[in-house]
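First up is the structure itself, then whatever we jot down about it.
First the proteins, then the strands, lettered A, B, ... as listed; each starts at 1. Hydrogens, waters and symmetry mates play no part in the numbers below; they use all other heavy atoms, side chains included. Keep in mind that this is a model prediction, so the values were computed, not measured.
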Amino acid sequence: MTVRQASGSDRYPRIYAVVRRIPKGRVATYGQVAQIAGLPGCARQVGYALHALRGDSDVPWQRVVNASGQVSRRSEAGMDQIQRQLLEAEGIVFDARDRLDLGSKRWRPRSRPTQAEQGRFG
DNA sequence: AGCGAGGCTGCTG
DNA sequence: CCAGCAGCCTCGC
């Protein structure tokens, strides 16, 4: 079965739902968001979904970084610096290599993903 | 309808 | 710890 928990094209909304849960001052990786959203292995889609966001959305996209703890470089120049600034404003500290401490800043959801986030009988 | 690209990841040297 | 490679899914041309 190649069926995934995702159904149809409601992947983006679920990705956004997960990202919205990331508390201020914490970060999550693309892969982490993908897994919680019920799309394991689809980290790239998370990046794509966030890229599709409009500036007026209420999704804290800046709290999603890559597995190295770095702000990923995007097609739009300058946006990566903006992301870093937003994170620093939330108390995230970057080292000389532009990396943050995932070990302590990583978001650890206590409760399991909601059904809506996993897309099961939403 | 085929193909390349995009805010990635985990594994292997 | 860093570089290279294949896998993931959707969008646009």
Side-chain angles (χ1 to χ4, degrees):
Chain A
M1 291 291 254
T2 55
V3 63
R4 304 208 172 283
Q5 291 174 4
S7 64
S9 54
D10 63 328
R11 300 160 209 275
Y12 283 19
R14 277 197 284 122
I15 289 173
Y16 300 149
V18 173
V19 175
R20 264 193 285 260
R21 290 182 29 150
I22 305 174
K24 181 180 178 183
R26 285 299 178 87
V27 299
T29 65
Y30 294 96
Q32 185 182 356
V33 170
Q35 182 148 25
I36 295 173
L39 304 167
C42 304
R44 219 158 183 168
Q45 269 36 256
V46 174
Y48 207 98
L50 295 182
H51 180 245
L53 276 175
R54 310 305 246 102
D56 57 354
S57 80
D58 58 337
V59 180
W61 55 272
Q62 73 272 20
R63 293 175 195 155
V64 185
V65 299
N66 62 34
S68 301
Q70 296 178 294
V71 169
S72 293
R73 203 182 165 193
R74 291 167 307 300
S75 46
E76 270 189 84
M79 290 308 277
D80 45 354
Q81 287 193 330
I82 291 185
Q83 178 174 6
R84 172 169 174 159
Q85 286 171 16
L86 286 171
L87 288 177
E88 289 180 326
E90 295 185 358
I92 303 294
V93 180
F94 289 82
D95 63 18
R97 286 179 171 176
D98 301 318
R99 290 197 298 200
L100 57 84
D101 185 7
L102 269 180
S104 61
K105 298 300 180 183
R106 182 175 200 150
W107 171 47
R108 287 163 188 168
R110 297 153 123 266
S111 55
R112 291 179 180 175
T114 65
Q115 292 185 338
E117 283 162 357
Q118 286 211 341
R120 293 180 177 176
F121 318 111

Seminar exercise, completed: The contact string for nucleotides 7-13 of chain B, one letter per nucleotide 5' to 3', using protein heavy atoms under 4.0 Å with B, S and - for base, sugar-phosphate only and none, comes out as BBSS---

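dC8(C) and dA5(B): their C1' atoms are spaced 14 Å apart (whole Å). If you take atom C1' in dG7(C) and the same atom in dG6(B), they sit 15 Å apart, rounded to whole Å.
Residues Pro109(A) and Arg21(A) share a closest heavy-atom pair of CB-NH2, 4.0 Å.
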Let me have the donor-acceptor pairs involving side chains of residues 36-48 of chain A, under 3.5 Å, with sequence neighbours excluded, atom names and distances please.
none

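Of the residues near DNA chain C, Arg97(A) and Gln45(A), the one whose nearest nucleotide (by heavy atom distance) lies more toward the 5' end is Arg97(A).
Secondary-structure stems of DNA chain B, taken as three or more successive Watson-Crick or G-U wobble pairs (i with j, i+1 with j-1) under a 3.5 Å distance threshold, comprise B:2-6 with C:9-13, B:8-13 with C:2-7.
Proximity note for Tyr12(A) (side chain, C-beta onward) versus dC9(C), dC2(C), dC11(C): the nearest is dC11(C).
Here Ser72(A) pairs with Asn66(A) under the side-chain hydrogen bond (donor to acceptor under 3.5 Å, both in side chains) rule; sequence neighbours left out. Residues satisfying the side-chain hydrogen bond (donor to acceptor under 3.5 Å, both in side chains) test with Arg20(A), not counting sequence neighbours, are Asp58(A). Among residues two or more places apart in sequence or in another chain, the side-chain hydrogen bond (donor to acceptor under 3.5 Å, both in side chains) test is passed with Glu88(A) by Arg84(A). Partners of Ala49(A) according to the side chain to side chain contact (heavy atoms under 4.5 Å, CB included) rule, which considers only residues two or more places apart in sequence or in another chain, are Tyr12(A), Ile15(A), Tyr16(A). Remark: Arg73(A) engages no residue in a side-chain hydrogen bond (donor to acceptor under 3.5 Å, both in side chains) (not counting sequence neighbours).
A straight line from CD of Gln35(A) to P of dC9(C) spans 14 Å, rounded to a whole angstrom.
Its side chain within the 4.5 Å cluster rule, Ile92(A) clusters with Val27(A), Val65(A), Val71(A), Leu87(A), Phe94(A), Leu100(A), Leu102(A) among the Ile, Leu, Val, Met, Phe, Trp and Tyr residues.
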